[in-house]
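So the structure is just underneath, and the comments pick up after that.
Indexing begins at 1, ligand by ligand and atom by atom, following the structure's order. Values below: every heavy atom of this structure, side chains too, minus hydrogens, waters and symmetry copies.
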Amino acid sequence: MKAYLYDDLPGDPREDHDSGTQVSESELQKIGIHYWHTDLDGVNKIAKERNYECRDEVNITPDSFGGQEKYEEKLKTFFTEHLHEDEEIRYILDGEGFFDARDAQDRWVRLKVTQGDLLIMPAGIYHRFILTTTDYVKAMRLFQTEPKWIPHNRPAEDNKYRQEYVSEFISKGVTA
Ligand code: KMT
Ligand code: NI
């Protein structure tokens with residue numbers, strides 16, 4: 001996985017948009033993001049520790065979504081800034097994609113994920129997802145008993161999980 005600040009320049013969001021400023025693993029942890037590069041045994045171990053008993057797989061390509069038009073519609077949903085009331089945990093089985101998450105200064109941090117990357121976005125973090133120009137990703141989605149992937153689009157400041165996230169990772173993190 002590669003993590004850097006998004007350049008915020010116009011153009012196809014499926015391009016890299018690498019500003020050249022890297023974001024370290026410890027900086028990611030400060031905003032509640034965790035990642036591992038691991039094999040299936042590692043995924044099983046982490047899933048057990050965090051009580052993720054269930055999983056499924058998604059295959060995202062224009063074909064699997066019924067053609068270019070429907071695919072682009074789906075991408076719009078993924079790429080609209082939102083939060084969830086539970087962790088979003090994804091293991092990349094094949095292909096590649098970008099998760100963008102807001103840091104404490106409300107900048108986009110871009111995480112490029114490829115095969116073997118396991119990523120956890122905490123509940124309440126504002127984020128979005130998009131594929132790269134290869135237009136293909138296959139991912140495992142882990143969940144406890146029921147998937148809770150309903151997107152709550154920004155602004156969602158009244159959301160309890162947003163407020164918990166802010167008090168744990170944003171307000172405490174203010175230094176200057
Ligand atoms: C999501 O919820 O944004 C997704 O499942 C994106 C695809 S998983 C790589
Ligand atoms: Ni999401």
Side-chain angles (χ1 to χ4, degrees), residues 1-4 6 12-17 28 31-40 42-43 46-47 50 52-68 70-103 106-157 159-166 169-170:
M1 200 191 60
K2 208 173 166 222
Y4 52 84
Y6 187 77
D12 188 343
R14 299 172 312 145
E15 303 281 355
D16 283 354
H17 289 271
L28 292 175
I31 53 171
I33 295 176
H34 295 271
Y35 87 89
W36 298 263
H37 187 82
T38 188
D39 58 11
L40 212 47
V43 175
I46 291 157
R50 303 177 85 98
Y52 285 98
E53 288 168 16
C54 307
R55 54 183 70 179
D56 70 4
E57 279 178 23
V58 274
N59 192 10
I60 309 174
T61 64
D63 277 352
S64 65
F65 276 92
Q68 193 66 28
K70 287 192 181 137
Y71 168 72
E72 277 171 27
E73 210 141 287
K74 190 71 200 172
L75 284 194
K76 267 186 210 147
T77 320
F78 285 147
F79 203 58
T80 302
E81 184 172 0
H82 63 274
L83 60 79
H84 305 284
E85 298 189 341
D86 199 359
E87 291 179 340
E88 179 165 333
I89 163 163
R90 301 287 185 264
Y91 181 60
I92 308 302
L93 296 163
D94 200 9
E96 52 187 28
F98 296 117
F99 282 93
D100 295 335
R102 293 288 190 184
D103 72 4
D106 216 24
R107 299 174 300 190
W108 282 120
V109 174
R110 173 155 276 200
L111 307 154
K112 184 173 191 173
V113 290
T114 55
Q115 187 174 58
D117 288 335
L118 176 65
L119 182 68
I120 299 184
M121 292 280 189
I125 195 172
Y126 283 129
H127 66 279
R128 62 187 185 185
F129 175 80
I130 198 151
L131 277 75
T132 69
T133 51
T134 65
D135 287 314
Y136 169 57
V137 74
K138 189 168 146 193
M140 182 192 289
R141 305 187 291 190
L142 295 111
F143 50 99
Q144 281 163 353
T145 45
E146 260 177 77
K148 283 195 244 168
W149 301 318
I150 297 167
H152 299 271
N153 289 347
R154 189 172 183 175
E157 303 314 309
N159 185 287
K160 177 170 157 268
Y161 295 86
R162 176 65 192 165
Q163 291 172 355
E164 284 174 9
Y165 175 80
V166 169
F169 294 104
I170 306 291

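- When only non-hydrogen protein atoms are considered, atom 2 (O) of ligand 1 lies nearest to R90 NH2, 3.0 Å.
- None of Y35, F129, F78 except one satisfies the side-chain contact (heavy atoms from CB on, under 4.5 Å) rule with F99; the exception is F129.
- Of all protein heavy atoms, the one closest to atom 3 (O) of ligand 1 is E88 OE2, 3.2 Å.
- At the Ni ion (ligand 2), the vertex angle linking NE2 of H82 with NE2 of H127 is 90° (nearest 10 degrees).
- Rounding to the nearest 0.5 angstrom, the gap separating the CG atom in D103 from the CD1 atom in I31 is 6.0 Å.
- Only the side chain of I60 comes within contact range of ligand 1, with a heavy atom under 4.0 Å; no backbone atom does.
- Among the heteroatoms counted here (N, O or S) of E88, OE1 is the one nearest to the Ni ion (ligand 2).
- A heavy-atom distance below 4.5 Å is found between the side chains of L93 and E57.
- For atom 6 (C) of ligand 1, the closest heavy atom belonging to the protein is F129 CD2, 3.5 Å.
- Of all the heavy atoms in L131 and V137, the pair that sits closest is CD2-N, 3.8 Å.
- Residue W149 places no heavy atom under 4.0 Å from ligand 1.
- Closest approach of L119 to M1, counting heavy atoms only: CD1-SD, 4.1 Å.
- In this structure, R110 fails the cation-pi test against Y6, since its NZ or CZ atom is not both closer than 6.0 Å to the six-membered ring centre and inside 45 degrees of the ring normal.
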